[in-house]
A.B. asks: 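Sharing a structure here in structure tokens format.
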Amino acid sequence: MVSSASPIPSVSVFSFGNPIETGAFVQSPKTWTWTKGVLPAGCSLTPREPKGFSIKFDLGERDAVVGLGQHVGPVNCRGNTFRLFSTDCPVHIPSLRSMYGAHPFMVILRDKPIGIFIDAPGEVSVDAGASTSETIEIKVTNGGFYLALITGDTVKEIAAKYIALTGTSFIPPKWAFGFHQSRWSYENESSVRSIASKMREHDIPCDVIHMDIHYMQDYKVFTVNKERFPDMPKLSSDLKKDGLRLISILDPGVKAEDGYSVYEDGKNQGFFCKRADGKGDFIGAVWPGPSAFPDFFREDVRKWWGDLYKPLKAEGFAGFWNDMNEPSIFYTPDAFKEFAKTIHRFDVENDFSEALANTLWDKGVVNKESYYDDFTHTVDGEQVPNREVHNLFGTQMTKAVADSLAAEDPTKRYFLLSRSSYPGMHRYAAIWTGDNHSWWEHLSLNIQQLISLNLTGFLFVGADTGGFSGDCTPEMLVRWTQLSAFAPFFRNHAAMWAKNQEPWAFDEKTLALCRTSIKMRYALMPYIYSEFIRSASLEEPFIRGLFYDHKEAADRLDDDQFLCGRSLLVAPVVKAAAHGRMVYLPSGSWLKVQGSENGLTGERLQASGDTYIEASISETPLFLKLGSLIPMTDPASHTGAESSTNFRLLAFTDSTAQCEILLDDGETKYSSWESYPKVLCSVAKTNGKWSALARFQGVAPRPIFLELELWSSDGTRETLSVNV
Ligand code: GLC
């Protein structure tokens, strides 16, 4: 029998078998009222042997499928297959089916769109009309799951209902909206200090430096290498004076080494995952070599792990970066022995046969999938193989930290980044898109991922700017920095084997162009910060595919341009040696704007439709929607130095336009958009005359200086300076 509940209007949740509670829903399904349910027309469900389910939905000829969070390929998922099974995937090629995060929420775009969320923590595969073009088939491997069906008139309504069901986005402190510089690894104190001083020397705004695995002693989590970093608290407090914060990476694998307190403690308390064959703790190798993995599915283990972060805060780390939490497993001692035995069978001097080649190819031990059958978690008091709850591992690890950071000071926001994720985690951490490459294709892919992840509720996201693996080129760094300047999470990060790609790593021209984009980001901070928090609070994506606001764009589902907030259309240049690109502007009036280190200024009106727009290496095609008011300020060297009284506003309207500028302290939590301290600015054009007003909300009025640039759709431009 199928039971169903309707926790919010237009949402029906169906329950099949015995679902495992994942925490994706804000409220526990146990609290809902369940009655006998009937699946709607166009949707069918069949059980699969030995267990699991197949769910099918009819697809009309023109229907598109959007969402599915982190994936490769176009925004429109139709015609592709996906396997949602969290995976450490170092090469993001088009045939890749699984990535770090598993996000089983999608919308079938049609006249009456429908949202589908499959809440199942094991593998979920989606055949979005690849095998049979008129059907989308979703296969669930768990013996029970929840299916939420969301109806509405627009994708916007459906996305908002999905957020109402699963919760609003994580909002980090303001400094996290600044520029982050990272590398695997800035491996000692002098290299970190040198990065910090180069930022200031080269006049590059920056708020954060990331510390990758070399800050640890032998990759042991929660340790600091005292030779490389003799006085971390002093280093972090010196940097803080200059507005720079340090973030430390942490992995779930705890080095299995006698005498190492975290390992001893976890082992003695029985906190590590058990082998499925009952022979003690499961051991798998990651950076530190053989390691044990905490069973984050247990509340007591999460509490223990969460508390371990506290001493790192005392070292001066301002935020944390949870990595490798799919979890990635390079090998297990068992698998390695098995591999060695297989290889041994060959005559090492003479046997260079096809059989050897096949063995080397097939029997690889890195991230072998069978590892996820080899260890268990404690779920509802029972030992369950990792595979059954696999997609939740990283989320449970991140929850451990989030709970601890939130409990430490419930009034303040914190910064937490995770590689693996599952719906629900978007409420308490940010994600990045993992180990991309310095490939132009990945610069393009970055746009799709920003759009799809934002639609799936993960708002504070971004990619490794410049690319992680492979060598970035000067031109690519410039173009990528231009794109990431609009991404919520803006971090330049590179692999150990990649060439340096800090803004100054190439030549003066590249440095100057990167500086301009980063300064523009800081000049736009009042818009980006306020608009992001508004989107997060009001159940909207911040980065939007054009189809989100413009129904006419649903037929084309462009992957190469996006809206940053409600007002600004960004069409980045993502091709090598390009001096322009095609841009599509939905019907309506648009103002082409120029970006510079001072933010945006109007350039000229731009007709809607498809147009080739010139864009030299210093330009990104940017457009303002009619009815917009964009707040900006002078770019500061870090967010803490930003002015809260002097703003520049760029308006494009024929009547009125409003914007909200947050005036909060950048770290206090507020329960709603309404309660944030802010100033509401508005401009009006009456009988050809412009006026401006400012109204304070939740904060004492203060003198504010506004410099306005005012455009109308007849192409007229005026300026105005007012003290309000
Ligand atoms: C993983 C992460 C990457 C990090 C590296 C070393 O590959 O995805 O960002 O730099 O591990 O810690």
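When a ligand or atom number is given, it counts from 1 through the structure's own listing order. Any value given below was found using the heavy atoms of this structure, including those in side chains, with hydrogens, waters and symmetry copies removed.
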A.B. asks: Is a side-chain donor-acceptor pair under 3.5 Å present for Tyr100 with Asp323?
C.D. replies: no
A.B. asks: Quick one: list whatever passes ring pair (Phe, Tyr, Trp, His ring centres under 6.0 Å) with Phe229, sequence neighbours left out.
C.D. replies: none
A.B. asks: Could you pull out all residues at least two apart from Asp238 that satisfy salt bridge (Lys or Arg N to Asp or Glu O under 4.0 Å)?
C.D. replies: Arg193, Lys234, Lys241
A.B. asks: For Trp497 and Ser469, does a side-chain donor sit closer than 3.5 Å to a side-chain acceptor?
C.D. replies: yes
A.B. asks: Checking His437 now: which residues fulfil side-chain hydrogen bond (donor to acceptor under 3.5 Å, both in side chains) with it, not counting sequence neighbours?
C.D. replies: none
A.B. asks: Using a strict 4.0 Å threshold on nitrogen-to-oxygen distance, state whether Arg183 and Glu502 make a salt bridge.
C.D. replies: no
A.B. asks: Would you check ligand 1 and list the protein residues that come within less than 4.0 Å of it by any heavy atom, ordered by chain and number?
C.D. replies: Trp184, Asp212, Ile213, Ile249, Trp287, Trp321, Asp323, Met324, Arg419, Trp432, Asp435, Phe468, His493
